[in-house]
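Written below as C-alpha cells is the structure these notes are about.
Since the model is a prediction, treat every value here as computed from it, not as a measurement. As a basis for the values below, the full set of heavy atoms in this structure was taken, side chains included, without hydrogen atoms, waters or symmetry mates.
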Amino acid sequence: MLKRITPKEIEENWDKYKANIKKAFEATEGGTLIMSDSKKDFYKYIYNRLVNPFQNSMTLWVEGEENYVVLTQLQKCSFTGKKTLVLNACTRTKDVDKETVAERYLDMFKTLSKFAVHNKCVGIYMYSDLDYYAKRVEETRELTNAVTRYQFYFPLK
C-alpha cells in the first residue's frame, strides 16, 4: 500500500530517500536531461520542501518495503485557479512480478486520487518517458478515465 512519508521520516532517512528520488528522476532520458547540468541543487530544494512543516504541496510516497517511490506536487494553474496533482518522479526500486506490478499501479492510482480529491484537485498529471505507463493507462482507461496527451521537451544548448 502506498503511504505518505512524514517530514520526520525524511529527515531521519534522507540519504536513502534522496537516492530513490534520484533513481526515479533518472529512470528516463528526459528526467536526466532536465535534472543535469544545473548549478542549482534540486535535491536540496526537494528536501527543504519535504521537511518544511508549513508547506503541504510536495509529498514523498513509498510502497511496501519501498518497492516504489513517488514524488508528487500540488500545483495551481495561474490562469484558471484549478489545482492538479503532478507526479514529478515515480519508479520501482526493486523488481517484482507482473501481477504485483499491476496491483501496485491500481493501488497507487486509488491512493493518489483520494489524496488529490481531498486537496480539491481536478486531475492528476504525470511526466514520464516510460512506455510502461502508456500501456498501463491504456489497460486501465475505463477505470481511470485517463486522457492521453503527449509532452515534448526540446533541450536547447
Side-chain angles (χ1 to χ4, degrees), residues 1-78 80-133 136-137 140 144 146 151 153 155:
M1 175 109 186
L2 197 62
K3 76 170 192 157
R4 188 175 181 179
I5 302 301
T6 67
K8 183 178 179 184
E9 290 172 305
I10 292 167
E11 281 185 72
E12 293 172 355
N13 300 294
W14 175 241
D15 289 338
K16 175 178 68 170
Y17 292 130
K18 179 181 176 181
N20 286 340
I21 292 168
K22 185 174 181 180
K23 182 176 181 176
F25 274 120
E26 294 176 350
T28 66
E29 178 185 358
T32 304
L33 286 171
I34 291 168
M35 298 299 284
S36 66
D37 296 331
S38 175
K39 295 187 179 4
K40 185 173 183 178
D41 183 355
F42 286 100
Y43 299 103
K44 183 177 180 180
Y45 174 77
I46 290 168
Y47 173 81
N48 288 336
R49 294 273 309 272
L50 290 171
V51 299
N52 182 344
F54 301 106
Q55 77 83 32
N56 65 350
S57 64
M58 186 172 280
T59 306
L60 183 64
W61 308 78
V62 297
E63 182 279 326
E65 297 295 315
E66 299 184 15
N67 295 332
Y68 286 82
V69 62
V70 181
L71 181 66
T72 63
Q73 183 173 348
L74 295 168
Q75 288 188 340
K76 187 174 182 179
C77 177
S78 59
T80 66
K82 294 181 179 180
K83 290 182 1 181
T84 55
L85 180 66
V86 178
L87 278 64
N88 289 36
C90 177
T91 197
R92 189 171 61 230
T93 58
K94 298 177 185 171
D95 286 333
V96 293
D97 60 71
K98 287 184 180 184
E99 187 175 295
T100 301
V101 168
E103 289 173 16
R104 296 306 181 255
Y105 176 83
L106 289 175
D107 173 61
M108 180 177 73
F109 176 77
K110 290 175 185 175
T111 301
L112 294 178
S113 294
K114 184 177 178 180
F115 177 77
V117 168
H118 174 76
N119 284 281
K120 299 177 177 66
C121 293
V122 296
I124 298 174
Y125 193 67
M126 179 178 182
Y127 300 99
S128 179
D129 304 318
L130 299 176
D131 293 334
Y132 163 80
Y133 287 111
R136 282 279 155 222
V137 165
T140 61
T144 63
Q151 177 174 329
Y153 176 71

Item to check | Interatomic spacing from CH2 in Trp61 to CD1 in Ile5 - rounded to 0.5 Å | outcome: 9.5 Å
Checklist entry - When rounded to the nearest 0.5 angstrom, what is the spacing between CZ in Phe42 and NZ in Lys22? => result 13.0 Å
Taking distance alone, no hydrogens or angles, what donor-acceptor pairs closer than 3.5 Å link side-chain atoms of residues 106-113 to residues at least two apart or in another chain?
unit_1 : atom_1 : unit_2 : atom_2 : d
Asp107 : OD2    : Leu2   : N      : 3.0
Thr111 : OG1    : Asp107 : O      : 3.0
Ser113 : OG     : Phe109 : O      : 2.7

Checklist entry - How far apart are the closest heavy atoms of Cys121 and Leu74, and which atoms are they? => result SG-CD2, 3.4 Å
Item to check | Leu50 vs Leu71 side-chain heavy atoms within contact, under 4.5 Å | outcome: yes
Item to check | Euclidean distance, Ile124 CD1 relative to Thr72 OG1, rounded to 0.5 Å | outcome: 9.0 Å
Item to check | Approximate separation, where rounding is to 0.5 Å, of Asn119 CG and Lys114 NZ | outcome: 12.5 Å
Checklist entry - If you round to the nearest 0.5 Å, how far is NZ of Lys83 from CD of Gln75? => result 11.5 Å
Checklist entry - Only one of Val70, Ile21, Ile46, Val51 forms a side-chain contact (heavy atoms from CB on, under 4.5 Å) with Leu60, so which one is it? => result Ile21
Next on the checklist: Within the 4.5 Å heavy-atom criterion, are Ile10 and Tyr47 side-chain neighbours or not?
Outcome noted: yes
Item to check | Exam field: side chain Lys18 to backbone Tyr43, donor-acceptor pair closer than 3.5 Å | outcome: no
Checklist entry - Roughly how far, to the nearest 0.5 Å, is the NZ atom of Lys76 from the NZ atom of Lys82? => result 12.5 Å
